[in-house]
Every structure is written in C-alpha cells, then in structure tokens.
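What's counted below: heavy atoms across the whole structure, side chains too, no hydrogens, waters or symmetry copies. So that the names make sense, note that chain A is the first sequence line, chain B the second, and so on, each numbered from 1.
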There are 2 protein chains.
Amino acid sequence: MAVTIKDIAKAAGVSRATVSRVLNDSGYVREETRQKVLKAIKELNYTPSAIARSLSTSRTNTIGVIVPEINNPFFGEIIKGISQVADEHNLNIILCNTDDNKEKELKALKLLKQQRIEGIIITPTYPEDEFNREYLSSLENLGIPIVLLDGHVEYFNFSGVFIDHIKGAYDAATALIEAGHRKIAIITGYMNSRPARERLIGYKKALEINNIPVEEKYIFYGDYTHETAYNITKEILNMKDRPTAIFVMSNMMILGCMKAFYEENIRVPEDMAIIGFDKIDVLNIIGMNISFVNGPTIEMGKMGMKILIESLNNGKDVKELKRIILMPKLVLKGSEKLVKK
Amino acid sequence: MAVTIKDIAKAAGVSRATVSRVLNDSGYVREETRQKVLKAIKELNYTPSAIARSLSTSRTNTIGVIVPEINNPFFGEIIKGISQVADEHNLNIILCNTDDNKEKELKALKLLKQQRIEGIIITPTYPEDEFNREYLSSLENLGIPIVLLDGHVEYFNFSGVFIDHIKGAYDAATALIEAGHRKIAIITGYMNSRPARERLIGYKKALEINNIPVEEKYIFYGDYTHETAYNITKEILNMKDRPTAIFVMSNMMILGCMKAFYEENIRVPEDMAIIGFDKIDVLNIIGMNISFVNGPTIEMGKMGMKILIESLNNGKDVKELKRIILMPKLVLKGSEKLVKK
DNA sequence: ATGAAAGCGCTAACAC
DNA sequence: GTGTTAGCGCTTTCAT
C-alpha cells in the first residue's frame with residue numbers, strides 16, 4: 001500500500017536501520033549516506049508511520065482532551081490554549097466531546113485507553129457529588145497522568161489548574177463597595193458546584209471586611225442559566241429595599257440580567273450597577289460596557305498542557321501532583337459605578 | 001508493561017488467536033472458551049491496543065479535523081456535529097487548530113499523515129486566491145477522502161458540505177422587501193470570500209425580482225469585522241437618503257451595527273430595521289430580537305462526517321465526490337419590520 | 001558507520 | 001473450534 005521504510009532502504013541501497021537513523025537523527029550515519037536516504041524519501045514521498053513507531057517505542061505522542069460542550073467558547077478557548085502548547089511539542093490531541101453525558105464520557109475513556117494516549121486533560125462540569133466513583137476509578141486505573149481544568153475533585157489524586165474563585169468574587173464585590181455601593185445583590189450559580197460556593201464566599205468576605213452586613217435577602221440562588229437570572233433580576237428590580245448593584249456569577253446569567261434591564265428600561269450604571277464573572281465579549285462590542293471578572297481560559301489550557309507534559313517527562317516513577325491556582329482579573333468598564341441621583 | 005493479548009491467552013489457557021476472536025466477535029469460538037477469555041480480560045483489566053491493531057489491519061479508525069479557530073462557536077458547533085456522528089461509528093478525532101496560520105496547517109497535515117488517519121474534514125477560511133497550491137496538493141497527495149465544510153475550492157476534487165448563501169441572502173432581502181422596505185443597505189464581508197460574493201448576489205436578486213433598482217450607494221463593502229461594520233453603520237445613519245433597513249452579512253458585523261445604534265440611540269426596528277447572517281444567540285437572549293439567516297452549523301458537521309464515512313466505506317477504488325448544499329433558514333424576530341411614522 | 005535480526009501487540013490465513 | 005505462524009512498519013540492541 002503506502003511506501004514503507006523498506007522501500008526507502010531499497011531505493012537508497014541501505015538497510016532499514018540506517019533509514020531509521022536518519023529519520024530520527026540518532027546514531028552515526030555518513031553524510032553521503034544520509035543524503036542518499038533523504039533523496040529517496042523525497043522521491044518516494046515517504047511519511048513514516050506513527051503507528052508502527054508507536055508500537056515499537058510504546059510512545060504515542062498523543063493525549064486525550066475531554067470537554068463537556070465544545071460549542072461553548074469557554075471550552076473552545078481552553079482547547080485553543082491546550083492546542084498551542086501541544087503543537088510546540090508535536091503532540092496530537094484526540095478530542096472527545098461528551099455533551100455532558102456520562103456514558104459518552106465513559107466510552108471516551110475507553111477509546112482513549114485503547115489508543116494508548118499518554119495523558120488526559122479533562123474539564124469536568126459535574127457537581128462533585130455526581131462525579132461518581134466508577135468514573136473516577138476508571139480514570140485512576142488508566143495509570144497515566146491526568147490534569148483537571150477548573151473542576152476540583154476532592155480526595156482524588158489529580159493534578160490540575162484552577163481558578164481562585166474566592167479572590168475573583170472578592171475583587172468584584174470590593175470594586176462595587178469602593179464605588180460606594182452598600183446594598184449589593186448576588187446571583188449565584190448552581191450551589192452544588194465548587195466555583196459557585198467559592199464565589200459566594202468571596203462576596204461575603206468582601207462585605208465583612210468592609211463592615212457591611214451580609215443580608216440573606218440580597219443573596220439569590222441561581223443555576224447558571226440566563227432564564228433563571230432573568231427572573232431573579234425582575235424580582236430584584238421590584239424589591240422594596242432595592243439594591244444598587246448586582247454581582248452575577250456567570251456570563252450566561254448576565255445576559256438574563258441584561259434582558260430584564262432592557263425590558264424594564266434600566267440603564268447601566270445609572271439605574272443599577274452590575275459586575276459579571278467570565279468574559280462576555282459581545283456585550284462590550286455592542287457598547288454596553290460591562291465590568292467582569294475574567295477567568296484566564298486560554299492560559300488555563302496552556303498551563304494544563306504544560307503540567308501534563310512535565311508529568312509525561314517525569315516518567316512513571318515520579319508521581320508528583322501539581323496544582324496551579326490562576327488568579328482571575330477584574331476588568332472594569334464602568335458598569336460598577338454608583339451614580340448619585 | 002501493560003497487559004497484552006499474550007497474557008490473556010496464557011491466563012485463559014488458549015492461544016492468542018482465540019483471544020483475538022472473542023475480542024472481535026469473529027470466527028467460531030465455543031461459548032465455554034469465550035467465557036474463560038472474557039474472565040481473564042476482566043481480571044487482568046485488559047484493554048486491547050488500537051495501535052497494534054491498526055498496524056495489523058492498516059485501519060486506524062481515526063480522522064483528522066482541521067479548524068481555523070476553535071474558540072469561535074461557529075466552529076465549535078461544527079465540531080460538535082462531527083463528533084456526534086464520529087461517536088456513533090467509534091471513530092477517533094484528532095483535532096488540529098490552526099489559528100488561521102498556514103504553516104500550522106501544513107504542519108498539522110504532516111502530523112495527521114503520520115498518524116495514518118483515514119480521512120480529513122477541513123473548514124477552510126482563506127479567500128480562495130490564498131488557498132495555495134502547495135497546500136492543496138499536499139491534501140491531494142494524502143490519498144485519503146477529504147471533506148470541505150463551508151469553503152469551496154474550485155478546480156479541486158473534494159467532497160463537501162456547503163451553504164446556499166445566495167438563497168440565504170435572497171430570503172433575508174425578500175423579508176425586508178415584504179415588510180415594505182425599499183431602501184435597503186447591505187454590509188458585505190470580505191469580497192475575496194465566496195460566501196460574501198454569493199450573499200451579495202442573493203441580495204441583488206431579491207431586489208431585481210421585486211423591481212427595486214440596485215443602488216451602489218447602498219452597498220457597503222466590509223470585512224467581517226465588527227469595527228468596520230460599526231464605522232459603516234455610522235456612515236449609513238448619516239446618509240442624506242438614508243435607508244430604512246440594513247442587511248448585514250455576519251454575526252460579528254451585526255455587533256458593530258448594534259453598537260452604532262446604541263450610541264446613536266437608534267431603536268430596532270422603529271428607527272432602523274436589520275437582518276443578520278449566522279446566529280448570534282446573545283442578542284436574542286438579552287431581548288434584542290434580531291432576525292437572522294441561520295446557517296445550520298451542527299448539521300453541517302454531521303453531514304460532513306457522514307459523507308466522509310461513506311467515502312471510507314466505499315474504499316480506495318470508488319472516488320466519487322459528493323457535494324451537499326444545505327439551505328439556511330430565515331429566523332424572523334421582528335427586527336425586519338418597517339415601522340411607519 | 002552500517003547491517004542483521006528480534007520484537008512491539010495484534011490479525012488473519014492456514015492447518016489441524 | 002482452536003492453534004501456528006507470518007506479517008503490519010518501525011526501533012533498537014548487538015555484531016561487524
């Protein structure tokens with residue numbers, strides 16, 4: 001079928017071993033011989049088979065990446081980061097999109113194992129309690145380095161890159177406080193998720209440090225969807241002791257807020273201040289200058305890949321875990337201001 | 001290292017061939033023996049090596065997917081579609097993100113070839129004139145099925161899935177005309193790209209059929225960026241004989257329009273009607289009900305994968321090309337209306 | 001500096 | 001039904 005190392009050897013009048021040597025720049029080979037081989041390679045348009053090489057070396061130079069929804073730009077950016085670093089190291093990426101489906105995830109794992117990938121990067125979305133044992137032990141049984149991105153699993157030994165959600169929320173709330181706000185509502189995400197819990201902690205901390213009482217009535221429990229955020233925002237706008245600012249925990253949810261504002265003719269920040277979490281380019285492009293806490297997604301992908309590569313180089317023996325906490329950055333656009341009337 | 005078919009054979013007290021048979025459900029094997037083998041597989045936690053199998057069968061069950069920017073949801077959705085179908089057929093996807101970089105693309109091709117992938121799906125973004133010969137012939141030299149998504153290359157023999165841009169634009173313009181508009185501006189994309197050219201044709205056709213003269217002054221040449229669309233929109237708003245509607249050719253550009261509207265306090269559709277191309281969820285979520293022509297992205301990915309699978313099954317001999325044209329769908333949200341004053 | 005040959009883990013004739 | 005054996009395309013000692 002395809003042209004093999006044997007054909008090159010014959011064409012160049014050398015042995016397969018010699019061809020292999022020039023292919024890998026290994027061992028000694030006379031310049032003259034090398035040229036002969038290279039010529040043959042070019043003439044026969046030969047590309048070595050990574051498959052055969054893998055079998056022989058038991059190195060596949062391939063890693064697996066598992067994401068829950070590839071069509072969400074958040075994951076797109078993560079993959080972009082991963083892919084950049086992978087590229088520099090000539091690693092292949094086998095992508096598995098699970099649509100948040102457990103079975104698919106298990107199946108993906110099996111496929112990846114068959115492919116003898118050398119490591120895995122996963123971006124889990126499940127609330128921890130659903131992160132079931134079967135799945136986790138499948139992972140551990142793989143016996144290869146695993147890196148978690150932005151999703152922490154307690155009591156399990158995985159490396160990972162995480163975001164300091166407490167810090168992010170703390171900064172956001174502090175910015176609102178410094179702008180002069182005292183009555184600050186918060187719309188949380190699904191409280192089963194660690195990020196949501198941590199962001200709430202950050203919010204409370206900021207209030208406490210500034211001697212502002214944390215009032216339950218200003219804490220609204222959402223679920224990351226824009227529909228819920230929309231309803232909550234409507235509710236907030238109708239409160240008797242209406243807050244002057246809202247801190248909302250995700251980019252999807254802020255869209256729900258904006259919709260409610262739009263309908264109720266609420267201007268930002270004149271009538272209500274707001275800060276979101278995670279970048280949402282669109283709002284800023286269309287000129288609504290919304291402040292937000294920016295989780296460094298591309299960076300997270302890059303770091304994750306770097307950690308993975310380190311683990312690969314360390315070899316089987318060294319099983320040292322590495323956890324990196326990335327700081328989110330507060331980007332102020334003006335929507336946090338307090339406008340006195 | 002890992003446990004191999006040999007270990008299973010020994011553990012089960014059979015030959016490797018028998019193990020292989022139960023692994024692949026091929027040939028005859030007594031139920032009793034099969035159970036012994038399955039037991040050994042389970043006990044030793046054995047997963048067959050796809051690598052070795054590939055080498056032996058010269059089938060990798062792997063395809064390559066090349067996209068220019070993975071973080072753009074447009075491509076994310078395409079991949080989602082691809083991945084769904086690939087999943088059903090137990091195919092692996094090696095993903096290459098090129099950041100619109102020619103060298104990366106060439107490099108990706110080389111890597112993929114080494115991996116002996118069985119087919120490729122590509123979403124080209126280059127204007128055709130830049131789609132250089134070297135790249136194209138690299139592709140053809142691969143000697144494997146290639147499927148193009150939403151990017152057509154003339155004079156080359158690739159299968160593909162395309163969108164009927166003429167129809168999409170025609171429908172959009174017709175909707176505006178039917179709403180009562182006569183002065184309809186259009187903001188085009190980069191005219192080197194086929195979609196932009198075709199969409200312009202569709203626009204003109206709709207006007208002609210309705211006996212509305214095509215006026216050059218209403219045709220604005222953009223480049224798919226929101227910045228340019230913003231400037232053009234400003235210009236449009238200041239025209240003496242100002243149009244009552246704008247048809248804008250991409251989702252990024254409509255953001256530029258909206259920004260200009262926002263700044264100039266233009267309401268949609270009261271002060272200006274607008275229709276875009278390609279879905280932009282966000283605007284509708286926040287309650288700006290923008291009509292748009294929806295290119296079926298997930299569907300495109302699915303169809304592309306299906307075509308590829310067919311080609312794979314047809315085998316080397318049959319080299320029949322398949323081109324599918326998908327119809328975009330006009331989604332009306334009200335922004336196309338003509339409001340009499 | 002180069003070649004011979006064994007082996008990576010699996011499949012597929014072929015033989016029994 | 002099951003085992004033997006020869007590859008698949010490459011790397012890697014070990015000789016020379």
Side-chain angles (χ1 to χ4, degrees), chain A residues 1-38 40-41 44-62 90 92 111 113-118 143 316, chain B residues 1-38 40-41 44-62 90 92 111 113-118 143 316:
Chain A
M1 201 195 79
V3 23
T4 78
I5 203 174
K6 211 169 164 182
D7 303 315
I8 302 299
K10 193 176 337 165
V14 298
S15 75
R16 297 177 311 187
T18 302
V19 176
S20 177
R21 281 184 193 106
V22 351
L23 244 28
N24 301 292
D25 275 325
S26 65
Y28 300 84
V29 42
R30 209 189 336 152
E31 184 53 27
E32 199 185 315
T33 322
R34 148 186 250 86
Q35 289 307 334
K36 269 194 304 187
V37 173
L38 288 176
I41 288 177
L44 298 182
N45 187 26
Y46 166 71
T47 308
S49 159
I51 304 291
R53 176 176 291 164
S54 291
L55 185 58
S56 172
T57 58
S58 48
R59 295 226 29 179
T60 56
N61 292 314
T62 300
N90 288 314
N92 294 293
L111 270 184
K113 188 174 180 193
Q114 290 185 178
Q115 294 298 329
R116 298 294 192 258
I117 51 158
E118 302 188 13
K316 297 272 172 195
Chain B
M1 201 193 80
V3 23
T4 79
I5 202 174
K6 211 169 164 183
D7 302 317
I8 302 300
K10 194 177 334 165
V14 298
S15 74
R16 295 176 314 185
T18 302
V19 177
S20 176
R21 282 185 192 104
V22 351
L23 244 29
N24 300 293
D25 274 324
S26 65
Y28 301 83
V29 41
R30 209 191 333 153
E31 185 53 28
E32 198 186 317
T33 323
R34 146 186 251 87
Q35 290 306 333
K36 269 195 304 189
V37 172
L38 288 177
I41 288 177
L44 298 182
N45 186 25
Y46 166 71
T47 307
S49 158
I51 305 291
R53 177 176 289 163
S54 291
L55 186 58
S56 172
T57 59
S58 47
R59 295 223 33 178
T60 55
N61 292 314
T62 301
N90 288 315
N92 294 293
L111 269 184
K113 188 175 180 192
Q114 291 185 176
Q115 294 298 329
R116 299 294 191 258
I117 51 158
E118 302 187 14
K316 296 273 171 195

Sugar-phosphate, base or nothing in reach of Val19(B), heavy atoms under 4.0 Å: nothing
Minimum-distance nucleotide (side-chain atoms of Ala17(B) versus dC10(C), dG1(D), dA13(C)): dA13(C)
Residue whose nearest DNA chain D nucleotide is more 5′ - Arg16(B) or Arg16(A): Arg16(B)
Closest to side chain of Leu55(B), choosing from dG3(D), dG9(C), dG1(D): dG9(C)
Verdict with reasoning, Leu111(B) to Asn92(A), per side chain to side chain contact (heavy atoms under 4.5 Å, CB included): CA-CA 8 Å; Leu111(B) 269 184; Asn92(A) 294 293; 3.8 Å; yes
First of Gly27(B) and Asn24(A) reached from the 5' end of DNA chain D, by closest nucleotide: Gly27(B)
Spacing of Asp7(A) atom CG and Ile41(A) atom CD1 [to the nearest 0.5 Å]: 11.5 Å
CD (Glu31(A)) with more than 12 external heavy atoms under 6.0 Å: yes
Shortest side-chain distance from Tyr46(A), nucleotide among dT2(D), dC10(D), dT11(D): dC10(D)
dG3(C) phosphate, OP1 or OP2, under 4.0 Å from Ser15(A) side-chain N/O: yes
Side-chain N,O (Ser20(B)) to OP1/OP2 (dC10(C)) below 4.0 Å: no
Among dG3(C), dC10(C), dG9(D), the nucleotide that comes nearest once only the side chain of Arg21(A) is considered: dG3(C)
From dG7(C), dT11(C), dC10(C), nucleotide with atom closest to Thr57(B) side chain: dT11(C)
Side-chain N or O of Ser54(B) closer than 4.0 Å to phosphate OP1/OP2 of dC10(C): no
OG on Ser56(B) to CG on Leu55(A), rounded to 0.5 Å: 10.0 Å
Thr33(B) vs dG1(D): side-chain N/O to OP1/OP2 distance below 4.0 Å: no
Among dT11(D), dT2(D), dC10(C), the nucleotide that comes nearest once only the side chain of Ser49(B) is considered: dC10(C)
Side chain of Pro48(A) - closest among dT2(D), dC10(C), dC10(D): dC10(D)
side-chain N/O Arg30(B) vs dT2(D) OP1/OP2, d < 4.0 Å: yes
